[in-house]
Amino acid sequence: MGTHLPSTEFDGTAVDDQREADAEAVMGEPPAPMVQLLGPDGKLGADPVFSEYADKLTPEDLRGLYADMAAIRRFDVEATALQRQGQLALWVPLTGQEAAQIGSGRASQPQDYIFPTYREHGVALTRNVDLAELLRQFRGVSNGGWNPKDTNFHLYTLVLAAQTLHAVGYAMGIQRDQKLAASDPAGSQPDAAVIAYFGDGASSEGDVHESMVFASSYKAPVVFFCQNNHWAISVPTNIQTRVPLSNRAKGYGFPGIRVDGNDVIAVHAVTEWALEHARQGKGPVLIEAFTYRVGAHTTADDPTKYRHSDEEDAWRAKDPLARLEKYLRAEGLADDAYFAKVKADGDELAAYVRRTAHDLENPDIRTAFANVYAEAHPLVAEELAWFEEYSAGFAGEEESAGQAAKAGH
């Protein structure tokens, strides 16, 4: 008997819609369809709410969305290669999720604050984070790699779902700052919102539940952006939830929207609407971006052990870059020269990232002791002294080994 592998939650939108309809029938509300504007065939459809937002995208905007997706895919390929070659300790691929990240990131405004997980490389690109800086953490030479104050893009969070709590707390802080600013028009700033990214696996964490309770109770200006890529490492989404994740928002009393996460135009439109909703003081929104992790969970993972190749092939046919390219070509918005330029720019980015990764220097371990407290601490000083003595013992061994090697020649 062959090995039976679990199927994912959404084998097709028809099955998914039926599940949602069954659940909604119990709750007495009509099912909410998935928002899609640009289909896999590259044809642009319409939506009674979100087409208004999509129509604001200029040809230059659309070309920019494609260029960003192509750039981050090329970066992802290069970072994966660097890990395989021993330059990084680990890498977290994003291939397949480019539209969800670029579309949502480009919909944000500079004053908005972003709390990512550890896979939001595309969002980092839209926030003008130097992509080479992302590699510092994965090489193990930094606890972060960039200053969040420069871009309003927070450091990566490796503790699953912890960033959702941080995001709501930050959003509540924004809310209070804006109330204070209202009494002083001279010092007013543009309204801001927060985006908290997390995956379908993290949605099962208690932190997400607590975050949504607080966000709803205080109408915090936060958008919860769940990238449902179908797999929480080896656990399929149907183990995580029995209904589409966007339905969970109803239990907390705020809107939940399920969007085609491989449709960059729809993702941009939905996120722009959600951020406006939050900035206007109407409370949080949950967006479930229905997408797929084409590659491994991390470079330490082997997805062939838990999913079928035909599933991957089916999702490759829904490739977010391919569908936007079809649209751009069909509408005469981009030609061969444009796509050749995008490829050349991607190769240039990859070369820059590779050079930077090779030039990264290991930090002095003593800085770890210096960064524990703002001021000198006697216990830390004692531990540092022990470390210095311990390290000195290896110096003698290395010297002896070197002399022995010379004697052997």
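What you see below is based on every heavy atom in this structure, not just the backbone, and it leaves out hydrogens, waters and symmetry mates. Here the structure is a predicted model, which is why all the values come from computation and not from measurement.
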For D347, which residues count as a salt bridge (Lys or Arg N to Asp or Glu O under 4.0 Å) partner, sequence neighbours excluded?
R74, K343

Anything under 3.5 Å between a donor and an acceptor, one on a side chain of residues 369-384, the other on a protein residue two or more places apart or in another chain? List them.
| residue | atom | partner | partner atom | Å |
| --- | --- | --- | --- | --- |
| N371 | ND2 | T367 | O | 3.1 |
| H377 | ND1 | L379 | N | 3.1 |

Within the side chain of T299, is there an N or O that forms a donor-acceptor pair under 3.5 Å with the backbone of T80?
no

N/O donor-acceptor pair under 3.5 Å between R73 side chain and T95 backbone
no

Could you give the side-chain donor-acceptor pairs of residues 43-54 under 3.5 Å, partners two or more places apart or in another chain?
| residue | atom | partner | partner atom | Å |
| --- | --- | --- | --- | --- |
| D47 | OD1 | V49 | N | 2.9 |
| D47 | OD1 | F50 | N | 2.8 |
| S51 | OG | D47 | N | 2.6 |
| S51 | OG | D47 | O | 3.1 |
| Y53 | OH | E276 | OE1 | 3.0 |

Just by distance, do the side chain of H268 and the backbone of S104 share a donor-acceptor pair under 3.5 Å?
no

N/O donor-acceptor pair under 3.5 Å between S108 side chain and G105 backbone
yes

Under the side chain to side chain donor-acceptor pair (under 3.5 Å) criterion, do Q101 and Y197 qualify, and how do the steps go?
CA-CA 9 Å; Q101 295 194 14; Y197 287 88; over 6 Å; no

side-chain hydrogen bond (donor to acceptor under 3.5 Å, both in side chains) partners for H297, two or more places apart:
R119

Set of residues satisfying side-chain contact (heavy atoms from CB on, under 4.5 Å) with respect to N143, sequence neighbours excluded:
none

Ring-plane angle category for F138 and W91, please: parallel below 30°, perpendicular beyond 60°, tilted otherwise.
perpendicular

Answer yes or no: is there a donor N or O on one side and an acceptor on the other, between the side chain of S246 and the main chain of I257, under 3.5 Å?
no

R316 bridged to D319 by N-O distance under 4.0 Å
no

Considering residues, nucleotides and ligands other than Y338, do more than 12 of their heavy atoms fall under 6.0 Å from its OH?
yes

Parallel under 30°, tilted from 30 to 60°, perpendicular over 60°: which one fits the rings of F115 and Y113?
tilted

Is it the case that the side chains of D61 and T58 hold a donor-acceptor pair, with the cut-off being a distance below 3.5 Å and no angle test?
yes

Using atom types as modelled and distance alone, determine if a side-chain donor or acceptor of R248 lies under 3.5 Å from a backbone N or O of S203.
yes

Look at the side chain of N228 and the backbone N and O of D200, then say whether any donor-acceptor pair between them is shorter than 3.5 Å.
no

Using only heavy-atom distances, determine whether the side chains of N229 and T291 contain a donor-acceptor pair under 3.5 Å.
no

Do you see a donor-acceptor pair shorter than 3.5 Å between the side chains of Q87 and Q85?
no

Side-chain donor or acceptor of D177 paired with backbone N/O of I174 under 3.5 Å
no

Salt bridge (Lys or Arg N to Asp or Glu O under 4.0 Å) filter on D364, not counting sequence neighbours, yields R366

